[in-house]
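Take a look at the structure below.
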Amino acid sequence: MDNSTEHADSGRGGRRTGRGRGAAAAPPASLSPSRAADFMTCPLLYRFRVIDRLPEKPSEAAARGTVVHAVLERLFDAPAAERTAPRARALVPGEWERLLTARPELAGLFREDGAEDGEAVDGGADGAPGGEGDGGSADPARLAGWLAEAERLVERWFTLEDPARLEPAERELFVETTLDSGLRLRGIIDRVDVAPSGEVRIVDYKTGKAPRPEYAAGPLFQMKFYALVLWRLRGTVPRRLQLVYLGSGDVLTYDPAEEDLRATERKLLALWDAIRRATDSGDWRPRRNRLCDWCDHRAVCPEFGGTPPPYPLLPVAVPSGEPGGPRVPGQGRMGGV
């Protein structure tokens with residue numbers, strides 16, 4: 001799972017809290033799989049998340065994904081013989097409490113007061129999210145059902161892989177590399193397995209269902225992104241990319257070739273050029289798509305009659321004779337901070 005490591009993101013748990021009051025917007029400096037997917041899906045969504053950093057509601061599905069990923073990571077701390085389904089299920093409540101301590105606003109997902117699921121809670125002057133007590137107490141039955149579903153997803157994993165026979169080389173591995181062009185790529189890989197022969201397998205857990213074939217390109221692009229970064233870092237093309245869909249009990253694999261990764265690099269460079277042009281011009285086009293029904297930003301989207309907030313990165317005129325048209329200060333160096 002891409003943990004969305006760019007500055008706009010809040011990590012797993014499903015809520016972006018936006019910029020603190022007074023914090024300056026900044027041009028994008030790197031690219032992760034999730035933000036690349038955002039731009040390909042809808043350039044305006046990319047702007048809202050990376051530049052405006054508009055707040056988004058938490059969701060039960062995203063928080064459950066965070067808990068399940070944490071359980072699958074932590075289970076490998078135990079000796080191989082103790083990596084059992086009952087032990088994994090028993091880790092779920094503790095990982096939820098750990099997440100809730102770090103993100104107390106997630107308690108609002110299970111309120112008894114009938115408010116909309118995941119309603120965003122306004123923070124104080126610094127933009128911090130509201131506390132656990134905002135909006136009513138938790139509904140025990142609703143929380144219990146949510147935890148039970150997380151436990152079912154964890155248990156299903158044991159029908160797809162045998163953790164007693166796995167010794168991951170890396171778990172929740174943060175990777176970052178800068179391409180020759182200057183583009184900085186970064187992300188977090190769920191698991192990296194290395195065979196005695198040295199062959200590398202990249203594994204990503206998905207708590208949803210496997211997509212239909214016509215929608216399979218997106219998750220595979222994410223995996224090729226990770227493979228490209230590891231290849232650039234280590235000099236070896238990963239042998240296998242593996243997607244584990246816990247929601248449907250499917251395992252999808254792909255064995256990349258070097259040319260696959262070169263093509264992925266070319267696609268990312270073209271994508272980054274498009275992002276730079278939009279950053280400079282302020283022209284972020286909305287693109288209506290099948291995910292619009294779940295978007296938090298419909299109220300400010302022109303496709304639904306809304307008006308985006310003022311663009312915080314105003315283009316500036318370049319000195320006479322300098323090619324390239326209007327530029328945003330500092331945007332001429334890809335990968336700069």
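In what follows, every heavy atom counts, from backbone to side chain, and hydrogens, waters and symmetry copies are set aside. For the single chain, residues carry numbers from 1 onward in sequence order. Given the structure is predicted, the values throughout are model-derived calculations rather than measurements.
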Under a plain distance cut-off of 3.5 Å, with no hydrogens placed, do Glu56 and His297 share a side-chain donor-acceptor pair?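 Checked: His297/Glu56 side chains pair up, N/O donor to acceptor below 3.5 Å.
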Under 3.5 Å, is there a donor-acceptor pair between the Tyr311 and Arg47 side chains?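 Not at all, the side chains of Tyr311 and Arg47 share no donor-acceptor pair under 3.5 Å.
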Check this for me, if you would: do [X] and [Y] make a salt bridge, where the nitrogen-to-carboxylate-oxygen distance has to be below 4.0 angstrom?
X      : Y      : answer
Asp77  : Arg171 : yes
Glu265 : Arg232 : yes
Arg111 : Asp139 : no
Arg184 : Glu176 : yes
Glu95  : Arg98  : yes

Please determine whether the number of non-hydrogen atoms from other residues, nucleotides or ligands lying under 6.0 Å from atom CZ of Arg298 exceeds 12.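 Counting neighbours around CZ of Arg298, more than 12 heavy atoms of other residues, nucleotides or ligands fall under 6.0 Å, so yes.
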Return yes when atom CG of Asp180 has more than 12 non-hydrogen atoms of other residues, nucleotides or ligands closer than 6.0 Å, and no otherwise.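 Not more than 12 within 6.0 Å, no.
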Between Arg142 (side chain) and Leu109 (backbone), is there a donor-acceptor pair under 3.5 Å?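 It does hold such a pair.
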State whether the side chain of Trp146 and the backbone N or O of Glu60 hold a donor-acceptor pair below 3.5 Å, judged by distance alone.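 Answer holds: yes.
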Measure the spacing between CG of Asp260 and CH2 of Trp231 and express it to the nearest 0.5 Å.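 Nearest 0.5 Å value for the CG-CH2 distance: 10.0 Å.
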side-chain contact (heavy atoms from CB on, under 4.5 Å), that's the test. Do Val175 and Ile188 meet it? Break it down for me. CA-CA 6 Å; Val175 291; Ile188 296 181; over 6 Å; no
Looking at Phe225, does the NZ or CZ of Arg186 lie under 6.0 angstrom from its six-membered ring centre and within 45 degrees of the ring axis?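 No, Arg186 does not lie over the aromatic ring of Phe225.
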Measure up the Trp284 and Tyr46 rings against each other and bin them: parallel (under 30°), tilted (30 to 60°), perpendicular (over 60°).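 Correct class here is parallel.
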Chi angles and distances behind the side-chain contact (heavy atoms from CB on, under 4.5 Å) call for Val300, Leu54: CA-CA 10 Å; Val300 290; Leu54 300 183; 4.2 Å; yes
